[in-house]
2 protein chains.
Amino acid sequence: MSNKRTKNQEQILKLINNNSEEMSAQNLHFQIQQHGLRIGLATVYRTLKLLKIEGEIQERVTPDGESFYSTINSVYHHYHHLNCVNCGKSYPMNICPLSQKITDWCHSQKFKVYYHTLEFFGLCAACQDQDIASECLSAN
Amino acid sequence: MSNKRTKNQEQILKLINNNSEEMSAQNLHFQIQQHGLRIGLATVYRTLKLLKIEGEIQERVTPDGESFYSTINSVYHHYHHLNCVNCGKSYPMNICPLSQKITDWCHSQKFKVYYHTLEFFGLCAACQDQDIASECLSAN
DNA sequence: CTGAAAGTGATAATCATTCTCATAATACAG
DNA sequence: CTGTATTATGAGAATGATTATCACTTTCAG
Ligand SMILES: [Mn+2]
Ligand SMILES: [Mn+2]
Ligand SMILES: [Zn+2]
Ligand SMILES: [Zn+2]
């Protein structure tokens, strides 16, 4: 029963809570070193997994497979995005179209909801005006 | 202007459309070989990127960073999930709580919506009864 | 035809994440 | 307090999906 957090784990959580932007594991590890702390990359990943299970932080996986983490508690960080499948840009939305009802329903299913992700995919205005397909594979 | 699709591209799209389950790029490549076809893995990835931009297929990125692809058109495949952050299991939901209004709003933003993803994260019933934190890192 | 442009596949390279394992810190029974 | 079992840690290797290379083939407009 490891109910108590390690000093390392506390510092990582603190760093996430105090940061206004979502951060990747690599980025977190880098910032930790900047602060003069010595926490191994493996420990960062282990702690992220732990905090995720404890419901302290949320994870967003980008289309290129990298994970970004941020605190769950702050409403400030509850953002959804319009993601362009062409240029890859993400445009944050300032609304959450989910009613409380649906979250209640999830709980009624015996599922304990920590957080949700909602992402839209399509073409941004700029990319709608281009000949997309031709540029898509132009690099090769 | 590559408006016309290649024979390879057509076969890959056909394979996705005819399959009832979402498939990874690796899986697609394997099945292609099973069918006696000779399409390189690189071409599979290139075609997936192309079809994605054309709005023919949708992509779902799992928490471990692997991408799965499926046809957009079939309502049959429009699923959202309850994802357990502990055991990793995904429980499909049979409803979509998004109103048409929100999609309309996205369009009013000059963003052309192809599809959306909506995922809930938390603990499934089985995992709520365990001492999670202790098992989380037990493997190491 | 003909040559430029686009498509292809084998292979190497990338890189975030996970695994290994020896060591350090901690918890706890006696 | 003291020895011992358990858990945490970090350096580095391994993993594996995805991407980049590059020589070669196909397509097609003129
Ligand atoms: Mn929301
Ligand atoms: Mn939906
Ligand atoms: Zn775009
Ligand atoms: Zn579970």
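Letters A, B, ... are given to chains in the order of the sequence lines, protein chains preceding strands, and every chain is numbered from 1.
Considering only the side chain of Lys4(A), dA27(C) comes nearest among dT18(D), dA27(C), dT17(C). Counting only heavy atoms from C-beta on, Ala42(A) has its side chain closest to dG10(D) among dA16(C), dT18(D), dG10(D). Of the candidate nucleotides dA8(D), dT17(C), dG10(D), dA8(D) has the atom nearest to the side chain of Thr6(A). Of the candidates dT21(D), dG10(D), dT17(C), the closest approach to any side-chain atom of Arg46(A) belongs to dG10(D).
Atom pair Gln33(A):CD and dT9(D):P shows a separation of 16 Å (rounding to whole Å applied). For Leu37(B) and dG7(C), the CG to P distance is 19 Å, given to the nearest whole Å. In this structure, Met23(B) places its CE atom 15 Å from P of dA17(D), rounding to the nearest Å. The distance from atom CD1 of Ile39(B) to atom P of dG7(C) is 14 Å, rounded to the nearest whole Å. Between the P atom of dT17(C) and the CG atom of Leu28(A) lies a distance of 11 Å, rounded to the nearest Å. The separation between Leu48(A) atom CG and dG10(D) atom P is 14 Å, rounded to whole Å. Here dA8(D) presents its P atom at 16 Å from CD of Gln11(A), a figure rounded to the nearest Å. When rounded to the nearest whole Å, the span between CG of Asn27(B) and P of dG16(D) equals 16 Å.
Using modelled atom types, one finds a donor on one side chain and an acceptor on the other under 3.5 Å when comparing Asn17(B) with Thr71(B). Checking Gln9(B) against Thr47(B) by side-chain atom types alone, no donor-acceptor pair falls below 3.5 Å.
Tested against Glu56(A) for a salt bridge (charged side-chain N to carboxylate O under 4.0 Å, His left out), the candidates Lys14(A), Arg5(A), Lys49(A) yield a single pass: Arg5(A).
Each of Ser24(A) and Lys7(B) lies near DNA chain C, and the nucleotide nearest Lys7(B) is the one positioned closer to the 5' end.
Arg5(B) contributes no side-chain N or O that forms a donor-acceptor pair with the base of dG7(C) under 3.5 Å.
For Tyr115(A) and Phe121(B), the gap between ring centers is short of 6.0 Å.
The shortest distance between the side-chain N/O atoms of Asn8(A) and the OP1/OP2 oxygens of dT9(D) is below 4.0 Å. Dashed line: the shortest gap from a side-chain N or O of Tyr45(B) to OP1 or OP2 of dT18(D) is under 4.0 Å.
Applying the side-chain hydrogen bond (donor to acceptor under 3.5 Å, both in side chains) rule to Thr62(B) yields the partners Asp64(B); only residues at least two apart in sequence or on another chain are considered.
At the heavy-atom level, Ser67(B) lies under 4.0 Å from the strands shown only through sugar-phosphate atoms.
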